[in-house]
Protein chains: 2
Amino acid sequence: MAAAGRSPGLTVGPGDDAAAWLPAAPTVLVSTDTLVEGVDFERARQSPYEVGLKAWGSSASDLAAMGGEVEFGLVAAVLPPETPLAAVEAIQLGLVEAAARDGAGIGGGDVSAADGPLVLTVTVLGTVPDGRPVTISGGREGDVLLLTGDLGAAAATLEGWRQGDATVPAAWRSRLVAPTARIAEGRALRQAGATAMTDLSDGLLLDAARIAAASRTAVELWADCLPLAAGLRERFGDDAVRLAAAGGEDYELLASLPTDAVERLLQEWRPELAPLRRVGRLGPGDGVRLLECEGGAEFRVGGGLGYQHY
Amino acid sequence: MAAAGRSPGLTVGPGDDAAAWLPAAPTVLVSTDTLVEGVDFERARQSPYEVGLKAWGSSASDLAAMGGEVEFGLVAAVLPPETPLAAVEAIQLGLVEAAARDGAGIGGGDVSAADGPLVLTVTVLGTVPDGRPVTISGGREGDVLLLTGDLGAAAATLEGWRQGDATVPAAWRSRLVAPTARIAEGRALRQAGATAMTDLSDGLLLDAARIAAASRTAVELWADCLPLAAGLRERFGDDAVRLAAAGGEDYELLASLPTDAVERLLQEWRPELAPLRRVGRLGPGDGVRLLECEGGAEFRVGGGLGYQHY
């Protein structure tokens with residue numbers, strides 16, 4: 001698709017039958033993710049450029065969740081025949097710019113025309129420079145759960161749009177339409193000895209349940225420790241915790257670490273990274289449990305937390 | 001998507017944020033290709049299992065065209081909500097079986113539900129075990145053009161379907177709905193010193209024009225040397241050459257080699273591989289020219305050869 005922004009290791013780039021690549025490290029990471037118009041984005045709500053940004057960010061986030069670096073991506077686009085060329089170029093620009101921010105390029109792709117929704121599949125390739133990728137299955141009982149950044153802005157934006165609210169803050173909106181992959185944070189968590197890690201695409205409770213299931217432990221989360229997006233509590237009151245815990249598309253990282261690694265990591269955490277906070281722990285049993293605070297009672301909210309299953 | 005058929009180098013497979021892979025050789029090859037319902041296949045004409053076979057074969061063919069080996073693939077599927085589970089499983093079975101035939105597995109993917117056509121994007125990853133990948137840009141004046149297999153069966157099937165012909169031979173039909181990537185042939189051509197290579201997805205003339213443009217040479221093809229699918233001339237007469245030269249989706253390989261490498265390669269070509277034939281040469285100038293035979297006059301067919309531009 002795009003000829004711009006080549007990765008240094010890309011020895012054959014766009015225009016040939018396949019891309020050829022000399023990875024910067026022995027272990028290669030690869031993930032593929034699809035955005036579908038009307039499901040993952042709506043043209044009336046975000047620009048084609050932002051669709052490109054999101055397609056890259058949501059795919060690169062999967063490599064961040066392994067503690068990896070991204071090197072390049074391939075793009076497969078299915079475009080309705082009436083798509084204006086300017087929109088195609090704007091999507092491409094968003095992809096190339098978002099990739100460049102992560103130190104990556106676009107290495108080729110495939111474009112089809114078909115009646116139906118616009119479909120954008122981005123495959124992101126990268127490496128783990130040293131050590132092993134952090135899987136979701138390595139968590140152990142007693143590990144502390146750490147979370148990057150804050151939660152709820154993307155879900156609050158969707159809720160605002162649904163309610164016809166024209167005053168959704170720009171900072172919330174940009175979290176939904178142009179998520180940033182937490183590449184540097186993932187690398188730092190891997191280097192500090194993260195035992196399990198995932199990115200939050202389907203919501204904290206559901207994604208935490210994936211760690212619980214794969215690691216064969218229970219996950220305990222503390223509602224009073226969940227970092228809420230700025231202004232979320234003011235606008236939504238207690239419902240803010242529901243948005244933070246059950247809302248999706250935050251693309252923050254949730255990682256488990258042994259207790260003895262956590263204190264030092266929190267002290268040494270560099271200020272240019274997204275803030276890192278302790279939000280829970282792994283324990284015996286299975287499933288996910290949201291408590292009011294560490295050692296507190298079960299957390300209850302109106303409407304329930306759809307994804308809780310403990 | 002599928003948990004079956006893992007590649008030996010796949011250290012983290014389906015179910016995690018990304019796949020982790022230790023490639024069998026330093027140079028990694030990767031290509032992504034999309035099949036769209038109504039454009040690349042129709043449900044009334046081929047089974048879901050065959051759609052899986054085709055999605056794999058057409059993607060793996062891109063790696064064959066670099067002289068590479070395939071190791072695994074990732075699948076991104078967008079399915080209409082009413083898709084029966086049995087159809088999803090059949091697509092998956094086709095993908096896994098076709099991959100296994102090429103010595104590869106499925107390493108994960110992404111499934112979305114959306115109103116619209118079924119969209120299947122397969123990203124295939126592999127390696128070049130020794131030497132360099134064969135690009136489309138390395139052809140040199142004087143090189144001989146070699147072609148694997150035969151041509152026209154896929155185009156003849158499409159033409160038969162369009163005309164409502166219920167007697168399309170099964171052998172032709174299977175070339176369209178379940179193409180086999182010429183992996184072993186591509187490897188042999190690379191090892192013999194192929195200077196340029198591509199797979200025939202858009203038709204011989206158009207794909208040859210890509211070699212001509214990228215290699216900055218002219219391509220000369222000889223109509224009397226084009227290997228026609230069995231029975232094609234009997235059914236279509238002189239129009240068979242048009243189907244072979246301008247019809248797409250044959251997924252055969254077209255490669256250029258220095259003259260001195262060709263004789264030995266043709267003699268030593270193993271009988272279990274698809275037949276290899278000399279079909280033309282690279283010369284000075286640019287574009288593609290179809291002659292009646294080597295040194296003969298320009299080839300003319302009724303209806304013209306849409307893609308000829310010399």
Side-chain angles (χ1 to χ4, degrees), chain A residues 9 11-12 15-23 26-40 61-66 68 72 74-78 107-117 119 121 123-126 128 132-137 197-199 201 210 214, chain B residues 9 11-12 15-23 26-40 61-66 68 72 74-78 107-117 119 121 123-126 128 132-137 197-199 201 210 214:
Chain A
T11 56
V12 178
D16 218 308
D17 294 293
W21 175 44
L22 284 165
T27 297
V28 166
L29 300 176
V30 55
S31 182
T32 196
D33 258 307
T34 298
L35 294 190
V36 183
E37 181 185 354
V39 179
D40 302 299
S61 180
D62 286 325
L63 264 57
M66 309 289 278
F72 71 105
L74 299 181
V75 180
V78 182
D110 184 34
V111 178
S112 313
D115 286 319
V119 177
T121 301
T123 302
V124 174
L125 293 104
V128 192
R132 291 157 174 269
V134 186
T135 66
I136 59 166
S137 59
M197 185 153 64
T198 193
D199 66 323
S201 51
R210 293 177 61 224
Chain B
T11 55
V12 179
D16 218 309
D17 294 293
W21 175 45
L22 284 165
T27 297
V28 166
L29 300 176
V30 56
S31 182
T32 195
D33 259 305
T34 299
L35 294 190
V36 184
E37 181 186 353
V39 178
D40 302 299
S61 179
D62 286 326
L63 264 56
M66 309 289 278
F72 70 106
L74 299 181
V75 180
V78 182
D110 184 34
V111 179
S112 314
D115 285 318
V119 177
T121 300
T123 302
V124 173
L125 293 103
V128 192
R132 291 158 174 270
V134 185
T135 66
I136 59 164
S137 58
M197 186 153 63
T198 193
D199 67 322
S201 51
R210 293 177 62 223

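The chains referred to below are lettered A, B, ... by the order of the sequence lines, with proteins before strands, and numbering in each begins at 1. As a basis for the values below, the full set of heavy atoms in this structure was taken, side chains included, without hydrogen atoms, waters or symmetry mates.
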Problem set entry | Atom of A19(A), atom of F72(A) and distance for their closest heavy-atom approach | CB-CE1, 4.4 Å
For this session: State which residues pass side chain to side chain contact (heavy atoms under 4.5 Å, CB included) with T135(B); sequence neighbours excluded, sorted by chain then number.
Result: V12(A), D16(A), S137(B)
For this session: Determine the option with the most heavy-atom pairs under 4.5 angstrom with chain B, choosing from G68(A), G38(A), A20(A), S201(A).
Result: A20(A)
For this session: Examine whether an atom of P133(A) lies under 4.5 Å from a heavy atom of chain B, and if so say whether it belongs to the side chain, the backbone or both; otherwise answer neither.
Result: side chain
Exercise. What pairs with D17(A) under salt bridge (Lys or Arg N to Asp or Glu O under 4.0 Å), at least two apart in sequence or on another chain?
Worked result: R210(B)
Problem set entry | Nearest non-hydrogen partners of T32(B) and G109(A), listed with the distance | CG2-CA, 3.9 Å
Problem set entry | Proximity breakdown for L125(B) and chain A, heavy-atom pairs closer than 4.5 Å | side chain
Exercise. At a heavy-atom separation under 4.5 Å, does T121(A) approach chain B through its side chain, its backbone, both, or neither?
Worked result: side chain
For this session: Might you work through the side-chain contact (heavy atoms from CB on, under 4.5 Å) test for S31(B) and L63(B), ending with a clear yes or no?
Result: CA-CA 7 Å; S31(B) 182; L63(B) 264 56; 3.9 Å; yes
Exercise. Looking at G116(B), G9(B), S61(B), A18(B), which makes the most heavy-atom pairs under 4.5 Å with chain A?
Worked result: A18(B)
Exercise. Side chain, backbone, both or neither: which part of A113(B) has a heavy atom under 4.5 Å from chain A?
Worked result: backbone
Problem set entry | Contact summary for M66(A) and M197(A), nearest pair of heavy atoms | C-CE, 4.1 Å
Seminar exercise, completed: Under 4.5 Å to a heavy atom of chain B? For T34(A) that would be both
Exercise. Side chain, backbone, both or neither: which part of V30(A) has a non-hydrogen atom closer than 4.5 Å to chain B?
Worked result: both
